[in-house]
Each structure stands twice: as C-alpha cells, then as structure tokens.
Novice: 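I am attaching a structure below and will ask some questions about it afterwards.
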Amino acid sequence: MRPLQMVDTSTQYQKIKKEVDAAVIAVLESSQFIGGKVLNDFAQHLAVYNGVKHLVPCANGTDALQVSMMALDLQPGDEVITPSFTYIATVEAAALLKLKPVFVDVDDQTFCMDAALLEKAITPKTKAIIPVHLYGHAAEMEKIMDIAQQHNLYVIEDNAQAIGCDYTFTDGSKKKTGGIGHIGCTSFYPSKNLGAYGDGGAIFTSDDVLAEKLKKIAVHGQSKRYYHDVVGCNSRLDTVQAAILDIKLKFLDEYNTARRKAADYYDAAFAKSTSITVPFRAAYCSHVFHQYTIIFNNTAAHSRDGLNNYLAEKGIPSMIYYPVPCHRQKMFDSLGGKNFDLPVTDWLSERVISLPIHTELDHEQQDFIISNVFNYINSN
Ligand SMILES: *Cc1c(COP(=O)(O)O)cnc(C)c1O
C-alpha cells in the first residue's frame with residue numbers, strides 16, 4: 001500500500017511530469033518570470049472555465065481576499081458578514097483593513113453560512129457578505145445573492161476550497177462557484193483542488209469597473225508605469241506557477257471527479273454507522289470534496305479527538321479543520337469575537353474530523369482507513 005497522506009501531490013505530479021517539466025523549462029528558457037503570455041493565457045483559460053469576464057492573478061488566496069475588499073472602497077469600521085467556521089484568512093484580511101467582521105453561524109449540514117441568519121446580521125454599516133464554500137461544498141448562493149441585492153451589499157465568494165464546483169439555481173441555470181458573487185477569490189496553495197507548486201491565487205469578476213480596480217490595486221495602485229493613483233499592494237502570480245496551473249487546469253474536472261468517487265466510497269462504508277454523519281451534498285451543488293469531513297458523535301467511550309489520535313497511531317493522517325473557530329481566536333478578542341453566539345459553529349468545531357481525500361486515493365488505502373475508523377468505534 002502506498003503511504004497515506006492527507007494530499008498526495010507527488011503521485012499526481014508523476015502522472016503529468018513530462019508536460020509540467022517541459023512547461024517549467026520553457027519558462028526558464030524564456031526568462032519571462034513575471035507576467036507574459038504564459039501568465040495571460042492561464043488567466044484567460046481559467047476565466048473561461050469559471051464563466052467570468054475577468055481574472056486577476058495574484059500571489060495567494062489571502063491577498064485575493066484583501067485586494068477584493070480594497071477594491072470595494074470599504075472604510076475602517078465598515079462591517080463585513082462572514083462565517084466564523086472557516087480558515088482564518090477569510091476574516092484576517094478583513095481585520096487587516098480595519099473592517100469589522102460580523103460572524104454568522106453556519107448550517108449544520110452544509111457547514112457553510114446559514115442564509116436564514118443573514119438578514120438579522122445586517123446593520124446600516126454592513127457593506128459586504130463573504131460566504132465561504134467550505135470543504136468544497138457551496139454556500140446557498142441564490143439566497144445570499146437575493147438578500148445582498150435587497151440590501152445593496154457586495155458579495156465576495158471565498159472559493160479557495162471549491163474551485164470547479166457547479167451551482168444550480170432554481171430556474172435550472174448553472175454557474176461555477178467564484179463566478180456568482182460580485183467578486184470571487186481562490187487560492188492555488190499546493191493542497192487546494194487546483195494546486196500550484198508554490199503559492200498562488202486569483203480574483204474573478206465579470207464587472208469591468210471592478211476588474212480595473214482589482215488589477216490596479218494588485219500592482220501598487222498603478223495606472224501606467226510609475227504613476228500610482230491609489231494605495232495598493234504588490235501581489236503577483238509567478239509565471240512558472242501559471243505554466244504549471246495551466247496544465248493542471250485541463251485535469252481539474254477529472255481531479256474533482258476522482259475526489260467525488262473517493263467520497264462516494266467512504267459514504268457507502270460509513271452509511272450504517274450511528275457514530276458518523278457523512279458529508280451532506282445539497283442538490284444545488286456538485287461537491288468537489290476539498291476535504292472529506294465527517295461529524296463524529298462524541299460519547300463517553302469515543303470522541304473525535306480519540307479517533308484523531310487512534311488513526312495517527314495506525315499511520316493514518318486525519319485533520320481537524322478547524323479546532324478553534326475564528327470568533328474564538330485570540331486575534332479577534334479586541335473585536336469582540338467571543339461576544340458572538342454561534343452554537344452550530346461551536347458544536348461542529350468539537351465534532352468534525354477530515355479523513356484523507358485526494359486525486360490518487362485507491363480502494364486499498366480507503367479500506368485500510370475505513371477499517372481502522374471502525375476498529376476505533378468498536379473498541380471497548
Ligand atoms: C486556503 C484558504 C485561503 C487562503 O489561501 P492562501 O493561498 O493560503 O493565502 C482562504 N480561505 C480559505 C477558505 C482557504 O481554504
């Protein structure tokens with residue numbers, strides 16, 4: 001059996017090695033390390049894939065979020081509504097710009113922002129909503145967009161974990177997540193569904209005016225070389241990474257299908273267990289399984305942390321995403337993080353556990369993981 005990893009990027013690389021190596025060497029030979037045709041081609045291909053008019057490549061997913069909020073001209077003290085049950089980057093970018101994160105609770109099935117709680121969180125200071133498509137499952141975008149429109153708010157999708165996910169609206173039309181809100185952000189961190197071999201990120205929009213602002217902010221607020229209109233930052237995607245990503249983009253749907261199949265296999269094995277709730281899949285979205293995250297029923301004899309430790313002893317990695325929700329992070333003490341009452345978020349953070357899922361997982365590996373999960377549940 002091949003060694004178990006949360007993500008197996010090396011086996012995946014071996015399958016596309018020839019193409020990737022040639023593309024990387026071509027960039028080295030060209031000496032065009034920043035910008036250029038390779039970068040522009042990738043940006044164009046991903047924009048088409050995601051069904052958006054514009055794509056602004058940038059250095060990482062955190063920058064994508066930051067640049068997006070800067071482009072909306074949000075002012076210190078403005079409120080942005082986000083889930084607390086997310087990776088810290090979503091909220092950190094807001095706090096860095098002196099915006100006030102207003103946390104709403106998540107749905108206990110989708111793990112994403114509970115759209116039914118959104119309106120109560122809106123105040124005259126609210127400027128934007130940042131839904132996160134957590135673990136590869138889309139937030140309820142149709143409802144979120146309706147509410148945003150009624151209240152004249154911007155929506156920035158944090159699509160770092162769900163690239164390639166299809167969202168079906170009630171009229172039957174489809175869009176890719178990241179292409180639904182006014183702006184979408186993604187990350188090419190190596191373990192993401194479209195992962196680079198280093199850092200990277202991108203911002204999506206179909207709004208021409210916003211696209212110009214986003215581009216400008218990511219290059220020092222520059223309108224033409226050495227003329228700077230607004231305070232921006234420096235956030236670029238390296239050309240070498242763009243060359244790699246352009247190849248991997250061709251396989252993205254295949255990769256997501258492989259993840260979905262691995263999830264089906266786990267689902268079938270865990271279906272009968274009363275200790276485990278398998279990931280929910282709403283009819284409106286095609287879950288892309290960035291993570292395979294189960295809810296583990298804690299009992300006196302067995303706990304989520306116990307399972308985590310037991311699997312580690314057997315050489316099986318598993319992860320807790322995330323053990324401390326954002327509103328309970330020390331970072332947000334001064335912003336009143338702990339004042340938010342988020343019972344579902346707190347409940348989930350004590351029960352979720354993510355098992356290995358990636359494009360290279362085989363049945364032998366999954367059988368080993370599954371039997372050890374049951375060994376733990378059936379022990380004592
Ligand atoms: C990975 C991730 C980010 C940040 O991306 P980086 O490229 O690591 O900066 C933001 N939000 C979510 C939900 C993520 O999973």
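Indexing begins at 1, ligand by ligand and atom by atom, following the structure's order. What you see is a predicted model; the values in this text were computed from it and never measured.
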Novice: For the side-chain hydrogen bond (donor to acceptor under 3.5 Å, both in side chains) test, which of Lys15, Gln365, Arg2 pairs with Glu360?
Specialist: Lys15
Novice: When you compare ligand 1 with Tyr322, is there at least one nitrogen or oxygen pair between them that comes in under 3.5 angstrom?
Specialist: no
Novice: Which pairs with one or both residues in residues 113-150 pass ring-ring contact (aromatic ring centres under 6.0 Å, His included), sequence neighbours excluded?
Specialist: Phe111-Tyr135, His137-Tyr284, His137-His287
Novice: Is Lys192 in contact with ligand 1, taking contact as a heavy-atom separation below 4.0 Å?
Specialist: yes
Novice: With a 4.5 Å cut-off on side-chain heavy atoms, are Met141 and Cys285 touching?
Specialist: no
Novice: Residues two or more places apart in sequence or in another chain: which of them pass salt bridge (charged side-chain N to carboxylate O under 4.0 Å, His left out) with Asp253?
Specialist: none
Novice: Looking only at protein heavy atoms, identify the closest one to atom 4 (C) of ligand 1 and say how far it is in Å.
Specialist: Thr62 OG1, 3.6 Å
Novice: Would you indicate which of Cys58, Gly195, Ser187, Ala59 comes nearest to atom 8 (O) of ligand 1 when only heavy atoms are counted?
Specialist: Ser187
Novice: Indicate whether any N or O donor in one side chain lies under 3.5 Å from an N or O acceptor in the other, for Glu212 and His54.
Specialist: no
Novice: Should the proximity of His290 to ligand 1, defined as any heavy atom under 4.0 Å, be assigned to the side chain, the backbone, both, or neither?
Specialist: neither
Novice: Which atoms of ligand 1 are found less than 4.0 Å from any heavy atom of Asn60?
Specialist: 7 (O), 9 (O)
Novice: Considering non-hydrogen atoms of the protein only, which is the closest contact for atom 15 (O) of ligand 1, and what is the distance?
Specialist: Gln161 NE2, 2.8 Å
Novice: Linking I/L/V/M/F/W/Y whenever any side-chain heavy atoms sit under 4.5 Å apart, do Ile144 and Phe204 land together?
Specialist: no
Novice: What protein heavy atom sits nearest atom 13 (C) of ligand 1, and how far off is it?
Specialist: Asp158 OD2, 3.4 Å
Novice: Would you mind checking if Lys175 and Asp166 are paired as a salt bridge, meaning a charged N to carboxylate O distance below 4.0 Å?
Specialist: no
Novice: Polar-atom distance check: Ala160 versus ligand 1, any N or O pair below 3.5 Å?
Specialist: no
